[in-house]
Protein chains: 2
Amino acid sequence: MEKRTFKNKVYQQLANIVKAMSNPHRLEILELLAQGQFSVAEIAEETDITGANASQHLQVLKQAQLVETQRDGNRVYYQLAGLSVYKAWKALRDLGIERIAEIERVMQQFRESRQSLETLTSEELAEKMQNEETTVIDVRPQQEFDEGHIAGALNIPVEELSEKIEELPKNQEVVAYCRGPFCVFADDAVELLREKGFNAKRLDEGYPEWMIEELPIEQS
Amino acid sequence: MEKRTFKNKVYQQLANIVKAMSNPHRLEILELLAQGQFSVAEIAEETDITGANASQHLQVLKQAQLVETQRDGNRVYYQLAGLSVYKAWKALRDLGIERIAEIERVMQQFRESRQSLETLTSEELAEKMQNEETTVIDVRPQQEFDEGHIAGALNIPVEELSEKIEELPKNQEVVAYCRGPFCVFADDAVELLREKGFNAKRLDEGYPEWMIEELPIEQS
DNA sequence: CAACTATTCAATTAAACTATTGAATAGTTT
DNA sequence: AAACTATTCAATAGTTTAATTGAATAGTTG
């Protein structure tokens, strides 16, 4: 085989994968699917697009072999095609956070508005948990919590936080986490907790990153 | 700031980066730039496109802050904007090699035609080098060798191999490496060496991967 | 300063991408 | 089987992308 033929084929194939990821909605879908499997309607709801549009984007991801499907009744559940898909997405995300000042700026601005500027890294949280210095709450929906969560975390979905807030110890720092650095449940939780007088912070990333770093997890 | 406003901005910015990488020529350019800095004309030459076209693709990469430039006389040298750019590109490449059977197939097919099917991993090579069981040749151009190479490797650019082939010990295995898994210099070298009766293999990846794994390197 | 080289810019055309809309299909419930 | 839900398909229009061509610019050399 000719050198050029070979290179053209390989880089074309790779570009196809990258192209499948090169859309804001599809990136958001990939990040969502890092939490587990979701139906088309759930994905459309979470990402604020129409069902037909979500379906189309999902076809593109499926075509590129980045996601897989599983039918259950008249619903079709989508999930990531493997850990390497998540790792590639994470590498792109980290690149963006590191290189694109605008992303950092928007994150700062959002967190300022929620008073959740102060964040903990996974390492910092892991150490504090060993010393039992902190209460950790997972503010994702229960379904995602059940598929896997930080060992020792309490599940208080963000909608239920205001009713259950009395259950939390006031004398200890509370750390909230959710899906990842762009997930806003944790910021909402921190805002509410601080209003009620808690010393609250958010984890800078989320559950998938914790898991990949092989820190202690639990599954229900 | 509204949740949706925040997400839209962040994912849009990320998609811009990914879009900048979502073209076969630009991926090939990024892989080339992982070796060091190159002028527009050199990049055009290496990737088989016209100067004007190379310039346009480079503008796209620069716009996305994936590469940086440095003028020297009437030439402009381009280089990667940081290690995180290379790491993101590598994550995408590994994803492709793992998930897309077609890429694996094309690589196999090409290496069959060069009789370079048998490859060594970096770990395997590092161990063999410790035991001095093997001769390692870096078949990239001298300029790239000088910017950094595997410690103990000989530089024999692939065009000079046929004249210098007599200098190599016949009683030892010879391992050739170049820029990465898609670089064909090493395959060309293995083909030539085997024709001359050497026991030759190629490294499965290339210099940048060796360096990132923090295996021993040298610079001239 | 004229001739030359390297790079960038601008305009064009063809192709690909995206969101929207409404219809079609697959499966469930009554 | 009819009504319903979830998903996919197909067609459309507006936008973006890519390669080509030739001209413009920046810098060097004789």
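Just the heavy atoms: all of them, side chains too, but no hydrogens, waters or symmetry mates, feed the values below.
- In this structure, A/Y77 places its OH atom 13 Å from P of D/dT8, rounding to the nearest Å.
- For the 3.5 Å distance criterion, the side chains of A/S84 and B/E98 qualify, holding a donor opposite an acceptor.
- In this structure, A/E42 atom CD and D/dT7 atom C1' are separated by 13 Å, rounded to whole Å.
- A/A52 comes within contact range of at least one nucleobase, with a heavy-atom separation under 4.0 Å.
- Listed candidates were C/dT7, C/dT18, D/dT20. Nearest to the side chain of B/N53 is D/dT20.
- Using a cut-off of 4.0 Å between Lys/Arg side-chain N and Asp/Glu carboxylate O, B/R93 and B/E205 are scored as salt-bridged.
- At the heavy-atom level, A/Y78 lies under 4.0 Å from the strands shown only through sugar-phosphate atoms.
- Pairing for C/dT30 is with D/dA1, a Watson-Crick or G-U wobble pair whose two hydrogen-bonding atom distances lie under 3.5 Å.
- If you check every strand for non-hydrogen atoms under 4.0 Å, B/Q59 touches sugar and phosphate atoms only.
- Rounded to whole angstrom, the span from the NE2 atom of A/H57 across to the C1' atom of C/dT18 amounts to 7 Å.
- Here C/dA6 presents its P atom at 16 Å from CG of B/L58, a figure rounded to the nearest Å.
- Where A/S39 and A/Q56 meet DNA chain D, the nucleotide closest to each residue was compared, and A/S39 sits on the side nearer the 5' end.
- The residues B/K7 and A/E31 are annotated as not salt-bridged, no charged nitrogen and carboxylate oxygen being separated by less than 4.0 angstrom.
- For the pair A/R179 and A/E46, the salt-bridge criterion is met [side-chain N within less than 4.0 Å of a carboxylate O].
- Rounded to a whole Å, the NZ atom of A/K19 is 14 Å from the C1' atom of C/dT18.
- Contact between the side-chain N/O atoms of B/R26 and the OP1/OP2 oxygens of D/dA18 is found at a separation under 4.0 Å.
- Not one side-chain nitrogen or oxygen of A/R71 sits closer than 4.0 Å to the OP1 or OP2 atom of D/dA6.
- Atom-to-atom, CZ of B/R75 to C1' of C/dA6 comes out at 8 Å; the value is rounded to the nearest Å.
- Residue B/N74 contributes atom CG, which lies 7 Å from atom P of C/dT7 at whole-angstrom precision.
- Using a 4.0 Å cut-off between a side-chain N of Lys or Arg and a carboxylate O of Asp or Glu, A/E213 and A/K90 do not qualify as a salt bridge.
- Computed from coordinates, the A/N23 CG to D/dT17 P distance equals 12 Å when rounded to whole Å.
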